[in-house]
Amino acid sequence: MTTVRIGVMYDRDWAPEGLPGFAREAEALGVDDLWVVEDLGWNGGVSAAAVALGATERLRVGIGITPAPLRSPALLAMELATLARVFPGRLVAGIGHGVREWMVAVGAAPRSPLALLEETIGSVRALLRGERVELEGREVRLDGVRLVHPPVEPPPVVAGVVRPRSLELSGRVADGTVIAEGHGPREVESARALAGKGGAGPGHTLTVLAFCCVGDDPQQAEETLRPQVEGQAAWLGRPAEQVFTVSGRAGEAADRIRELAAAGADTVVLRVAGAEPLRQLGRVLRALGR
């Protein structure tokens with residue numbers, strides 16, 4: 001438990017102008033990471049990461065996640081390299097399939113989501129290493145592209161994926177895997193195994209997002225999370241009672257984080273619901289002995 005990183009998500013429903021102050025306060029609390037979101041119609045992930053990085057001094061900022069169909073790998077690598085040069089060692093770049101319905105809505109749905117994700121992650125990582133990339137893939141074409149200012153310290157590129165074949169792909173091509181909200185310890189263990197099956201080495205990281213609500217009344221905390229839990233249950237195709245959360249009293253929430261860490265999570269990112277999210281975060285950190 002001593003090595004697990006604790007992160008907090010800047011929820012997509014919170015206004016972007018609140019991000020700088022939130023990031024500074026989260027950093028002052030002693031949290032390790034702040035993660036931003038890129039969902040269609042909400043905030044831009046790369047621009048939000050830039051805002052959070054610029055507002056803080058040591059906080060690591062994760063982008064969770066940029067949908068591969070919306071981003072040219074060359075442009076994405078350029079954006080990430082800029083952030084990594086200015087804020088070395090403080091960026092984690094998440095890339096995923098994107099929600100299929102949203103990709104259809106903007107005319108960006110790929111013929112092969114798996115091929116697109118593999119080719120995007122592979123080419124972005126190579127570009128960030130300063131390599132000249134020649135690729136004639138199923139979904140991505142790059143003809144001798146190279147970054148003029150690659151980062152001295154390339155940021156980790158992680159895959160935000162859910163299904164078994166995608167988890168194996170992540171183990172094969174990414175530096176780490178991001179697991180969506182609602183997945184508990186057993187699924188974390190399964191994700192670690194599938195990434196390993198794909199070829200993940202010991203350095204492959206596992207970041208777990210988790211719904212969080214902390215209060216002295218566990219039932220009230222459960223009620224506060226109900227809309228998020230029910231929505232995620234529908235997306236995951238499972239009963240709401242099977243959606244894992246980090247909630248209840250502060251000590252109970254800390255225990256849930258310890259369970260995820262014991263199952264193999266390297267970072268647990270809390271998506272806090274309800275009033276005073278930073279106060280809730282502080283209570284969890286204290287319960288963890290931070």
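Since the structure is predicted, the reported quantities are computational estimates derived from the model, not experimental observations.
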Worksheet item: Among Asn43, Thr56, Val46, Leu19, which one satisfies side chain to side chain contact (heavy atoms under 4.5 Å, CB included) with Val51?
Response: Leu19
Going by an N to O cut-off under 4.0 Å, is there a salt bridge joining [X] and [Y]?
X	Y	answer
Arg256	Glu259	yes
Arg192	Asp266	yes
Asp11	Arg271	yes

Discussion item. Going by the rule ring pair (Phe, Tyr, Trp, His ring centres under 6.0 Å), which residues pair with Trp235 if we only count those two or more places apart in sequence or in a different chain?
Written reply: none
Are there more than 12 heavy atoms of other residues, nucleotides or ligands under 6.0 Å from atom [atom1] of [X]?
X	atom1	value
Arg279	CZ	no
Arg163	CZ	no
Gln219	CD	no
Glu223	CD	yes

Check for a donor-acceptor pair, side chain of [X] on one end and backbone N or O of [Y] on the other, with a separation under 3.5 Å.
X	Y	value
Glu222	Gly248	no
Glu79	Leu76	no
Glu153	Ala84	no
Arg90	Leu59	yes
Gln232	Glu181	yes
Arg111	Arg138	yes
Glu119	Glu139	yes
Arg85	Pro150	yes
Glu168	Lys197	no
His204	Ala174	yes

What are the two closest heavy atoms between [X] and [Y], and how far apart are they?
X	Y	value
Ser247	Leu225	CB-CD1, 3.7 Å
Val214	Ala253	CG2-CB, 3.9 Å
Cys212	Gln280	O-OE1, 4.3 Å
Ala254	Ala287	CB-CB, 3.8 Å
Ala49	Leu83	CB-CD1, 4.2 Å

Roughly how far, to the nearest 0.5 Å, is [atom2] of [Y] from [atom1] of [X]?
X	Y	atom1	atom2	value
Asp217	Arg249	CG	CZ	7.5 Å
Ile65	Thr207	CD1	OG1	12.5 Å
Ile95	Leu70	CD1	CG	12.0 Å
Met78	Leu127	CE	CG	10.0 Å

Discussion item. Could you check whether any side-chain heavy atom of Ile6 comes within less than 4.5 Å of a side-chain heavy atom of Leu285, counting everything from C-beta outward?
Written reply: yes
Item to complete: Using the six-membered ring wherever Trp is involved, compare the ring planes of Trp14 and Phe22 and label them parallel, tilted or perpendicular (cut-offs 30° and 60°).
Response: tilted
